[in-house]
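Sequence lines set the chain letters: A, B, ... in the order given, protein chains first and strands last, and positions in each chain run from 1.
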Amino acid sequence: MATKSVSQSPWMNVRTTMRQPVVAGALLVAYILAALLILSNLDRGSLWFPLYSTLAFPALVLSPFIILASPVRTPLKVILVALLLFVAIPYLGMRDSSYLELIIQICIFAGLALGLNIVVGFAGLLDLGYIAFFAVGAYTWAMFTSQANTVFNINGWLVSGAAFYGFIFLGVVVAAVVGILLGLPVLRLRGDYLAIVTLGFGEMIRVIANNLDKPINFTNGSQGLFDVGRPPVPPLLYNSVVGAEAMLGFPIANATPLSQQLLFYFIAIGIIALIIIVARRLDNSPIGRAWTAIREDEVAAIAMGVPLVRMKLMAFAMGASFAGAIGVLYGAKQTFVSPESFSLIQSISILAMVIVGGIGGIRGALFGAVIVTLLNLLVLKNLSLQINALRNVDFIVPIINFHIRDWPTQLEPAKYERLIFGLLLIVMMIFRPAGLLPEPRRKMELLEAKGEEPVTVTAENPVVTAQPDAGKA
Amino acid sequence: MLDARPTVGAVSLRSLAEWIYRFILFPIGQMFVFVVGAAVVLTLFAYGLALLFPEPRPNIVLVDQVNRQLPGMIISGITTGFVYAMIALGYTLVYGVLKFINFAHSEIFMVGSVVGFEVMRRLDDAGNLPFWNPVLLIMLIILVAMLFSGLLAVAIERIAYRPLRGAPRLVPLISAIGISFFLIDFVRAFQAITRNDFNLTYPTNDLEWLRTPVKLAIGEGTVNVRPTQFVVVLGAVVTLIALNYFVNGTKLGRGIRAVSQDMTTAGLMGINVNRMVSLTFFVGGSFGGAAGALFGMNVGTVTPFVGFIPGIKAFTAAVLGGIGNVTGALLGGLALGMIEAFLNGLLVYFPALGQRYTDVFAFSVLILILIFRPSGLLGERVDEKV
């Protein structure tokens with residue numbers, strides 16, 4: 001908060017003015033509109049298009065975080081975010097559906113990051129096979145709707161696309177059950193063993209999905225399940241897309257796929273909103289405090305009467321169930337599910353999201369998901385496109401006189417996401433172990449352990465008290 | 001563990017005999033016992049399986065198949081077993097000292113196999129590969145791979161683990177995952193630029209003596225053994241004996257053992273803890289590198305992704321034997337290698353499962369051990385310190 005005692009330099013004046021809620025609100029609206037206009041009017045044919053969209057798109061996608069961090073009042077924040085989510089982004093999708101596709105991907109990963117955040121961030125259980133639960137959800141939906149020659153198809157057990165919403169709940173249940181089944185044997189293990197075992201489970205699920213085409217064909221093996229069903233588009237949504245087309249006066253290439261994409265977008269937003277609510281409520285509940293206790297000191301938690309295995313199982317099942325719901329959505333959106341989509345690199349990239357954003361915090365997990373997904377699907381890909389475009393016109397970098405043509409063709413940024421993730425993880429662990437948007441309590445734990453800042457337990461950071469009704473460990 | 005009296009410079013004949021027993025005969029005997037033990041146990045299992053399922057597929061009698069395949073399975077089990085044991089040593093040594101799973105060890109192994117390839121490929125490109133003495137050539141490849149991987153492990157510890165010492169357990173583990181992913185793509189980029197391809201084929205076919213299989217007469221039949229299998233076993237035995245001497249017979253080894261028992265006290269006793277940790281990483285890393293080069297020579301083709309599965313399995317082996325225990329790593333590696341060879345040989349006859357599930361079975365071993373005997377076969381019970 002700027003006070004009068006601060007010397008009134010011109011910059012300070014600007015800052016104080018900008019902190020006025022009205023000014024800040026107007027600036028935010030102007031910022032979002034500018035990003036939206038620039039983005040929707042970029043010329044796809046231009047030589048520098050990949051670079052421009054790499055710069056402009058994150059500006060728009062990161063705006064919710066700017067809104068949340070701005071000094072405006074909460075109702076205004078909610079209105080602005082809602083306008084962004086339900087007006088600006090659908091508008092952008094109508095102009096260019098590839099951005100909408102990217103945003104749906106971001107939503108899917110955001111849901112996964114939120115789920116993993118419960119396991120890793122809240123309960124402190126390092127799960128390196130998290131993608132397995134996502135696979136369980138995706139396969140649950142895909143097996144019952146795919147046109148592939150599976151046992152379900154042959155026996156006529158397929159369901160129609162309308163069952164999608166029911167299957168989201170089924171995905172939640174199945175993934176939670178798998179989570180408990182996997183968790184029961186391994187959750188007695190200590191942190192680093194647990195990491196390796198979950199990693200192995202992730203790989204096992206993939207191997208099993210890859211091989212369960214014989215003797216009975218469940219998963220169609222490595223060919224994957226194709227023509228997976230999609231939920232039907234409600235007529236209302238289709239009509240509003242057509243109506244918007246007429247109103248805004250620009251031709252929309254194809255209203256049917258667009259309204260389908262928009263449907264997935266809204267479902268994803270809905271699932272994420274639900275996950276956020278559940279995660280927030282959990283974090284502040286006795287369960288959440290028990291998780292914190294386990295994370296900070298397992299032995300002390302047991303001594304305080306926290307039922308260790310039950311709480312760990314709950315965290316595992318909770319995280320798994322979110323991944324299951326997102327998995328059902330993913331299967332329907334991709335219409336193709338194969339074991340290749342669920343490799344270790346996916347688990348690690350979700351972990352990278354949680355860590356980059358800020359382990360243990362909901363906003364941090366969302367932020368990390370946006371950043372890492374953008375990096376992976378937009379920045380690296382567009383850099384490759386840009387290099388290729390420049391290579392084709394034989395561009396020469398000024399000053400250093402470098403022919404882009406001489407850039408080795410094998411060295412495409414899009415192919416080296418592991419390198420980027422690896423560096424990201426190391427750098428984050430060394431310099432900012434609590435993430436870019438750190439969660440206060442987590443930050444305290446990490447700094448305390450590194451011995452940088454002695455922290456004592458105060459009223460703001462209460463220790464978890466014993467729960468007499470919590471049962472035996 | 002053996003106690004370490006400084007017997008190195010002793011002159012009397014008796015102490016020389018004792019030295020030979022402790023550092024040469026005893027380790028070899030131990031390996032021999034482990035190999036024979038694992039082979040016997042698994043052979044019994046195989047015949048037990050044959051009794052349970054006499055004809056898993058029509059017209060295939062399992063007992064005949066086991067009779068026919070047994071020597072081959074045991075030989076391939078010993079080969080993979082020694083490779084696993086050497087990688088497992090890296091996990092175990094580091095765990096013993098830092099109580100931390102060096103997740104990047106599988107990539108140190110991978111770098112070793114790539115370095116081994118580079119040495120052989122360069123000699124071949126220069127045209128003088130066939131003129132090298134086989135023993136010298138293999139020693140050169142192994143030593144270069146060991147040096148390279150060892151230094152890499154030291155660098156990794158210095159950059160990514162040392163700044164995080166004392167942080168919560170998960171922090172260095174995540175950093176190790178980062179290192180592991182970084183190394184995979186770094187090697188891939190390097191090979192893609194320099195060789196335009198990252199599937200690296202060892203030029204073993206250019207060597208007459210490495211190409212022709214050796215025929216071993218066992219009973220009335222003969223078994224073809226690839227010379228690389230001999231190389232792997234011999235190389236592993238020699239390096240393992242050297243390791244045993246280093247850890248149990250030298251002053252530096254004593255330092256490492258002291259640090260692994262109690263880091264703080266060792267520091268108070270005048271041991272340079274950081275140097276001992278670096279040394280441990282060097283030794284563990286160089287074993288990973290040697291295993292990588294031997295593995296590469298044996299399988300012929302390596303890629304930057306080759307480390308993951310052997311790494312996981314070697315970790316399983318280390319846990320099976322009791323993590324932190326050097327002898328345990330040897331036993332675990334040999335046992336796991338044998339189990340895998342038998343699974344590979346026998347799963348074929350069970351159409352519902354098939355060889356595709358070998359990795360799943362090997363992994364189930366890890367989970368079963370962790371549940372029922374987390375301290376491993378030879379390990380002591382490790383309680384968490386409060």
Side-chain angles (χ1 to χ4, degrees), chain A residues 120 124-126 128 185-186 188-197 199-201 203-204 207-208 210-211 214-216 295-300 303 344-345 348 351-352 355 359 408-411 415-431 433 445-446 449-451, chain B residues 95 99-101 103 159-160 163-186 188-189 191-198 304 308-309 312 315-316 319 323 351-354 356-357 359-360 362-364 366-368 370-371 374 382 384-386:
Chain A
V120 179
L125 309 166
L126 187 56
L128 295 182
V186 302
R188 273 178 289 170
L189 303 174
R190 246 200 4 242
D192 28 15
Y193 281 124
L194 182 75
I196 301 258
V197 173
L199 182 151
F201 267 137
E203 287 295 294
M204 272 164 83
V207 171
I208 288 169
N210 220 338
N211 291 318
K214 16 180 185 173
I216 302 169
R295 181 181 81 204
E296 290 187 357
D297 193 334
E298 224 168 74
V299 180
L344 176 68
I345 175 83
I348 301 294
L351 181 70
I355 283 161
I359 193 163
T409 39
Q410 291 279 356
L411 207 61
K415 284 186 190 165
Y416 291 97
E417 78 261 75
R418 281 188 195 81
L419 192 106
I420 308 288
F421 286 160
L423 275 182
L424 213 57
L425 289 180
I426 303 165
V427 170
M428 290 302 295
M429 279 303 109
I430 294 177
F431 297 107
E445 279 168 37
L446 288 162
K450 278 183 90 174
Chain B
Y95 191 89
K99 301 284 171 287
F100 149 75
I101 296 172
F103 209 89
I159 294 166
L164 304 174
R165 215 180 279 163
R169 243 177 226 289
L170 295 190
V171 172
L173 194 62
I174 292 168
S175 163
I177 295 168
I179 288 278
S180 163
F181 272 76
F182 174 79
L183 281 178
I184 291 178
D185 257 11
F186 184 80
R188 190 162 71 112
Q191 295 295 355
I193 293 167
T194 55
R195 301 202 179 270
N196 224 354
D197 183 16
F198 52 80
F308 181 68
I309 295 286
I312 279 267
F315 176 76
T316 308
V319 174
I323 197 154
L353 294 169
R356 305 161 297 177
Y357 286 108
D359 288 352
V360 173
F363 204 77
S364 320
L366 172 63
I367 292 163
L368 290 177
L370 285 176
I371 295 166
V382 199
E384 194 152 355
K385 283 176 194 149
V386 187

Spatial distance of atom [atom1] ([X]) from atom [atom2] ([Y]) [nearest 0.5 Å]:
X: A:Ile355; Y: B:Ile174; atom1: CD1; atom2: CD1; answer: 3.5 Å
X: A:Ile426; Y: B:Ile179; atom1: CD1; atom2: CD1; answer: 3.5 Å
X: A:Glu417; Y: B:Asp185; atom1: CD; atom2: CG; answer: 7.0 Å
X: B:Ile312; Y: A:Leu344; atom1: CD1; atom2: CG; answer: 8.5 Å
X: A:Leu425; Y: B:Phe182; atom1: CG; atom2: CZ; answer: 12.5 Å

A:Ile420 versus chain B, the contacting section by heavy-atom distance below 4.5 Å: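 For A:Ile420, neither part sits under 4.5 Å from chain B.
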Part of A:Leu424 lying under 4.5 Å from any heavy atom of chain B: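 No part of it gets close to chain B.
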Heavy atoms from other residues, nucleotides or ligands near OH of A:Tyr416 exceed 12 (cutoff 6.0 Å):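 Above 12, so yes.
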Structural part of B:Phe186 lying under 4.5 Å from a heavy atom of chain A: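 Both parts, heavy atoms under 4.5 Å.
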Segment of B:Phe198 engaging chain A (4.5 angstrom heavy-atom cut-off):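 For B:Phe198, neither part sits under 4.5 Å from chain A.
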When B:Thr316, B:Ile184, B:Val319, B:Ile177 are compared by non-hydrogen pairs under 4.5 Å with chain A, the top option: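 If we count pairs closer than 4.5 Å to chain A, B:Ile177 comes out on top.
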Pairs of heavy atoms under 4.5 Å with chain A: top-ranked of B:Ala160, B:Ala189, B:Ser364: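 Max contact count across the listed options: B:Ala189.
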Which atom of B:Leu173 lies closest to which atom of A:Ala195, heavy atoms considered: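 In this case the closest contact between B:Leu173 and A:Ala195 is CD2-CB, 3.7 Å.
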Over all atoms of both residues, closest heavy-atom pair of B:Val360 and A:Met204: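 Nearest pair, atom of B:Val360 first, then A:Met204: CG1-CE, 3.5 Å.
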Heavy-atom side-chain contact between B:Phe103 and A:Ile196 under 4.5 Å: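 Answer yes - side chains close enough.
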